Amino acid sequence: MTENRPVRVRFAPSPTGKLHIGGARTALFNWAFARRHGGVFILRIEDTDTERNSQESLDSILSAMRWLGLDWDEGPGVGGDFGPYAQSERMPLYDAAIQKGLTEGWLYRCFCTPERVNALKEEQRNRKENPRYDRACLGLPDAECAKRLEVGEPHVIRFAVPDSETAEIQDHIRGQVTVQSVEVEDWVVVRSNGMPTYNFCCVIDDAQMQISHVVRGEEHLANTPKQVLLYRALGLPQPDYAHVPLILGQDGKKLSKRTGDTALQDYRDKGYPAEAMLNFLGLLGFSIDDETTVFSADEMVAAFDLKRINKSGAIFDTDKLHWLCGDTIRRMTDTDLLERLRPWLNTAVCDKDGGWLLQLAACFRERLTLFGDVSEMSAHLFCECVEPDEKAAKALSADGVADTLSGVADLLAGVESWPPPEFFALVKGWAAEHELGVGKVMKPVRAALTGSLGGPELGDVLALLGKDCSLARLRQAR
RNA sequence: GGCCCCGUCGUCUAGUCUGGCCUAGGACACCAGGUUUUCAUCCUGGCAACAGGGGUUCAAAUCCCCUCGGGGUCACCA
């Protein structure tokens, strides 16, 4: 674990779906680690499952990573000296290793049908034994093997797991993890269709790409012994590992679609600020110190250390995520916020000038949790007539409201400049004159103007609505 | 079930390696006040945890053992 190799880490998604929250965090940790140490962050596509791969998935993964701001130094679109970066294009590399293994005897051909193996394992389970391939083909005579090969009998290639060795995993998060080789079965290295499997490609690639640290999810810890044994058979040095804890759903189990959105993209599409998402992901299993909860990508990089990653799983807590989103928005300048809000605004904003838009951004800022919220929140500014919600309707139907509204309308009609300066004082005065509490006036006015009982200060609403529209709404609402 | 990993407030976590500064800190959520023309923001305060049991030690959240609990994994998926 004493490292002097240059830091080279990779994130290796398989293009069989969108980028999962857990995967995004793994990518973030890898990225932060590389950036912290001036190392190289590699993106490698693990597309050995030809059945389930799709270009669409690949595209969405790349775009989700860009959205988070995780740029890679080698990989799709940028190249690099250790490519190709898609496993499907690396067959020559795998073939060479397979030949070596076959020659040296740590790989062997297995002609057992899937049916036989399944039945075998089923039987073992019934006997309460651990299901495991029985190595029926391990000692197959060369002659027989060649003969069956010649007639084209389908087969896989398995790894001959050594009998009594110990696989030691040096893990920066968990310390040394030890597994006896008897616990590992003779796993399939090459499928019957000729395509090698994950555990094999992963090792060949990590070695060839000179990966120094394998930072990945804890679900991979269980098959790391297979990889460690393979490195040994190959005579290659193993990388350091860091198995990061799982992200859990509300049920305490590995986060899955049951619990909510698990694709990073879904969050982007709902208007979550990317920097809040990154901050939140960084808070799951990692911490800068005993009190920092809000931090930027740069701050995370500056403080990143594998030793500061937890061992235990973390529940995906949307309350905190939402708070972080609101906090991110609140700390933005009007100009920045407006730019981020633009995609969510009603197309009617085209008619509006810059000052108007800035005011809109400013007065909704502290009320927003997501950029996407602005759409619904500001809808009343763009529609022809307001549809009062339940509470607003109630406020509008109270006794004397009609008089109040027309009174305020008349009052405002008489104002020269717009928005009315000292609007609040004006209303206060008018309310006093008519022996009404300020609230008695403000509430129905707000209901008439916006259709709800909440929102920005009425002075801002008046400004955004304009004089004609404001007066029309007051007169129309009775 | 086998193997492996993990176990501090409801949640995210600091503290654990290198025992004492921990009467266990921060944040979210929640509750109570305050500011405020509404909502929201903001401010103040409160609630709330070392899974349990044994050791070791002058001293244990921190070291050791056991128990219990949770999770991951047991594919020709990654």
Side-chain angles (χ1 to χ4, degrees), chain A residues 12-16 23 46-49 51-52 110 114 117-118 121 125 128-132 154-158 169 171 173-175 177-180 182-185 187-199 201-202 216-225 243 245-246 248 250 252-254 280 283-294 307-308 310-324 326-327 330 363-369 377 395 423-424 427-428 431 437-439 441-443 445-447 450 452-459 461:
Chain A
S14 72
T16 54
E46 310 225 316
D47 55 352
T48 60
D49 186 348
E51 313 267 302
R52 297 192 299 157
C110 166
V117 176
N118 289 342
K121 292 188 175 180
R125 261 187 288 267
K128 306 219 165 172
E129 289 171 18
N130 292 321
R132 179 169 313 192
H155 69 285
V156 299
I157 295 178
R158 291 181 183 270
I169 301 162
D171 193 292
I173 298 172
R174 283 150 223 286
V177 177
T178 306
V179 176
Q180 300 306 315
V182 286
E183 302 294 342
V184 183
E185 81 163 329
W187 48 285
V188 172
V189 166
V190 182
R191 301 175 171 93
S192 53
N193 68 4
M195 182 64 76
T197 57
Y198 163 74
N199 283 116
C201 298
C202 178
R216 67 191 357 168
E218 195 190 340
E219 70 267 32
H220 288 283
L221 188 54
N223 52 39
T224 304
H243 286 95
L246 265 16
L248 280 16
Q250 295 298 335
K253 297 186 198 299
K254 200 163 114 179
F280 180 66
L283 234 31
L284 251 31
F286 172 78
S287 60
I288 286 182
D289 55 35
D290 59 341
E291 56 177 352
T292 307
T293 54
V294 178
K307 282 205 283 271
R308 292 205 64 86
N310 281 210
K311 295 175 191 297
S312 50
I315 292 176
F316 190 83
D317 174 18
T318 49
D319 277 338
K320 189 140 183 180
L321 170 58
H322 287 145
W323 173 79
L324 230 25
D327 185 68
R330 268 170 251 134
C363 71
F364 279 104
R365 177 176 40 231
E366 61 201 29
R367 279 160 257 264
L368 293 170
T369 296
M377 263 184 206
F423 166 71
F424 180 55
V427 172
K428 211 170 159 185
V438 179
V441 181
M442 292 302 233
K443 201 166 160 180
V445 168
R446 173 176 292 283
T450 71
S452 82
L453 257 30
E457 294 189 3
L458 282 180
V461 173

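In this text, all values refer to a predicted model and were calculated from it rather than measured experimentally. Here is how names work: the chains are called A, B, and so on, in the same order as the sequence lines, proteins then strands, and each is numbered from 1.
- Put simply, the side chain of A/P131 reaches to within 4.5 Å of the side chain of A/R125, judged on heavy atoms.
- When heavy atoms are screened at a 4.0 angstrom cut-off, A/R174 is found touching the sugar-phosphate backbone but no base atom.
- A/E457 comes within 4.0 angstrom of a base, heavy atoms only.
- When the P atom is compared between B/rC64 and B/rC28, the two are found 35 Å apart, to the nearest whole Å.
- B/rA40 is unpaired under the criterion used here, namely a Watson-Crick or G-U wobble arrangement in which both key atom distances are under 3.5 Å.
- Residue A/K128 is classed as having no contact, given no heavy-atom separation below 4.0 Å to the nucleic acid.
- Put simply, the side chain of A/V188 reaches to within 4.5 Å of the side chain of A/V156, judged on heavy atoms.
- Nearest-nucleotide positions on RNA chain B for A/S192 and A/F423 put A/F423 closer to the 5' end.
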Run the numbers on A/K121 and A/E129 for salt bridge (charged side-chain N to carboxylate O under 4.0 Å, His left out), then give the verdict. CA-CA 9 Å; A/K121 292 188 175 180; A/E129 289 171 18; over 6 Å; no
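- In this structure, the side chains of A/V294 and A/L324 come closer than 4.5 Å at one or more pairs of heavy atoms.
- No contact: A/H322 has no heavy atom under 4.0 Å from any strand.
- As rounded to the nearest Å, B/rC47 and B/rC30 have C1' atoms that lie 8 Å from one another.
- Using a 4.0 Å heavy-atom distance criterion, A/N310 is classed as a sugar-phosphate-only contact.
- Across all strands shown, A/V156 has heavy atoms under 4.0 Å from base atoms, whether or not it also approaches the sugar-phosphate.
- Between B/rC65 and B/rG7, the distance separating the two P atoms is 15 Å to the nearest Å.
- One C1' atom belongs to B/rA27, the other to B/rA14, and the distance between them is 11 Å to the nearest Å.
- At a threshold of 4.0 angstrom between heavy atoms, the contacts of A/R216 with the nucleic acid are absent.
- Note on A/G252: only backbone sugar-phosphate atoms sit closer than 4.0 angstrom, heavy atoms only; bases stay farther off.
- When the P atom is compared between B/rG46 and B/rG19, the two are found 33 Å apart, to the nearest whole Å.
- Of all nucleotides in RNA chain B having an atom under 4.0 Å from a heavy atom of chain A, the first and last in 5' to 3' order are B/rG1 to B/rA78.
- Take A/E366 and apply the side chain to side chain contact (heavy atoms under 4.5 Å, CB included) test, not counting sequence neighbours, and it matches A/R330.
- Nucleotide B/rC74: paired with B/rG1 (Watson-Crick or G-U wobble, both distances less than 3.5 Å).
- Looking at heavy-atom distances under 4.0 Å, A/L453 makes contact with a base.
- Side-chain polar atoms of A/R174 and A/H243 form no donor-acceptor pair below 3.5 angstrom.
- Comparing the same atom, C1', in B/rC43 and in B/rG52 gives a spacing of 42 Å after rounding to whole Å.
- Taking 4.5 Å as the limit, some side-chain heavy atom of A/L458 sits within range of a side-chain heavy atom of A/V445.
- The residue A/K253 sits close only to the backbone: its heavy atoms come under 4.0 Å of sugar-phosphate atoms, none of a base.
- One C1' atom belongs to B/rA60, the other to B/rC22, and the distance between them is 12 Å to the nearest Å.
- The closest side-chain heavy-atom distance from A/P456 to A/R367 is below 4.5 Å.
- A gap of 15 Å separates the P atoms of B/rG26 and B/rG15, to the nearest Å.
- The residue A/P456 sits close to a base: some heavy atom pair falls under 4.0 Å.
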For residues 313-321 of chain A, run the donor-acceptor check on the side chains, cut-off 3.5 Å, and write out each pair with its distance to 0.1 Å, sequence neighbours left out.
from: A/D317; atom 1: OD1; to: A/D319; atom 2: N; distance (Å): 3.2

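- Within 4.0 Å (heavy atoms only), A/K307 reaches no atom of the nucleic acid at all.
- Comparing A/G454 and A/D47 by the nucleotide of RNA chain B that holds the closest heavy atom to each, the one mapping nearer the 5' end is A/G454.
- For B/rG7, the paired base is B/rC68 (Watson-Crick or G-U wobble, both distances below 3.5 Å).
- A/D319 comes within 4.0 angstrom of the backbone, heavy atoms only, and of no base.
- As judged by a 4.0 angstrom heavy-atom cut-off over every strand, A/R330 is placed among residues touching the sugar-phosphate backbone only.
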